[in-house]
Amino acid sequence: MSGHDGDLGARLKAVAAGWGRACADLILPPPMEAGRAGASLEADAWRQVAFLEAPVCDGCGAAFEFDGGMFAESRCAACLAKPYAFERARAACVYDDASRGLVLRFKHGDHQPLAPVFARWIHRSAAELIEAADAIAPIPLHPLRLLARRFNQAAEIARPLAVMAGRDYLADALVRARRTDSQGGKSGRGRRENVRGAFSVTSTGARRVRGRRILLIDDVLTTGATGEACAKALLEAGARAVDLAVVARVRTARQLPM
């Protein structure tokens with residue numbers, strides 16, 4: 001092979017590699033530069049993330065253990081027996097040891113570069129929900145918690161997602177009217193009681209949600225209590241329907257109601 005041919009081959013390989021990296025970066029986050037936002041995100045941190053792929057329950061987003069084929073139910077037994085107030089849910093990945101560190105780094109470590117990464121994950125996993133949505137809204141924080149944390153992690157994900165999807169972004173239509181305790185450590189029933197009546201839609205927000213399908217955005221889905229409380233408030237304000245999309249959800253599906 002001549003030197004010219006070798007140089008051409010090397011250039012073609014470099015171009016191909018660049019395209020490959022660009023395509024991968026649309027879905028998975030590239031390693032961040034050391035020192036950016038005070039830390040670097042190593043490739044191994046996201047290579048171990050368990051992304052959720054079909055088939056999943058249409059109601060809660062939990063993965064089915066196997067594909068039942070064209071005659072299988074689209075929802076798990078619990079969602080069939082007692083549907084959530086939100087119509088459908090999707091999660092980008094499983095909330096486990098691999099994803100927990102990323103979510104907590106973003107939520108409590110103020111690691112803002114992860115926000116557009118998570119938005120891209122949801123854009124992929126909840127594509128059909130986004131397609132059907134008229135507007136995107138974050139699950140809100142109480143003003144006192146927002147003051148302490150300095151940002152609403154759901155809003156930081158929802159904002160770039162709305163831009164990416166070309167959907168109306170409802171920043172303040174839904175508010176947390178009552179300060180609640182942390183949901184951590186509570187049972188499913190305790191979580192539902194904790195957020196019962198905690199959310200409301202402003203008068204201005206009501207005009208923006210009436211007759212529209214709203215996609216709620218949050219970071220983690222555990223029992224679905226917070227998403228359901230928000231969905232009820234939006235539906236009472238006149239929303240046509242509400243769906244939910246999150247970065248991560250616990251692995252197990254819902255349990256049948258007792």
* Asked: Is the closest basic N to carboxylate O distance between R167 and D134 below 4.0 Å?
  -> no

* Salt-bridged, R124 to E53, with N to O below 4.0 Å? -> yes

To the nearest 0.5 Å, what is the distance between [atom1] on [X] and [atom2] on [Y]?
| X | Y | atom1 | atom2 | result |
| --- | --- | --- | --- | --- |
| L235 | E228 | CG | CD | 10.0 Å |
| M164 | H123 | CE | NE2 | 6.0 Å |
| I136 | D168 | CD1 | CG | 9.5 Å |
| E87 | C79 | CD | SG | 12.0 Å |

* Pairing residues for F118 by the ring-ring contact (aromatic ring centres under 6.0 Å, His included) criterion, not counting sequence neighbours -> F106, W121

* Asked: So which heavy atom on L52 is nearest to which on G61, and how close?
  -> CD1-O, 4.0 Å

* Closest contact, heavy atoms only, C230 versus L216 -> CB-CD1, 3.7 Å

Tell me whether [X] contacts the main-chain N or O of [Y] through its side chain, where contact means a donor paired with an acceptor under 3.5 Å.
| X | Y | answer |
| --- | --- | --- |
| R249 | C60 | yes |
| S99 | V94 | yes |
| D243 | R88 | yes |

* **Crowding at CG, D96 (>12 non-hydrogen neighbours, <6.0 Å)** => yes

* Establish, for the pair R100 and Y95, whether the NZ or CZ atom is under 6.0 angstrom from the six-membered ring centre and no further than 45 degrees off its axis. => yes

* Asked: Would you say the side chain of I130 lies within less than 4.5 Å of the side chain of L161, judging by non-hydrogen atoms?
  -> yes

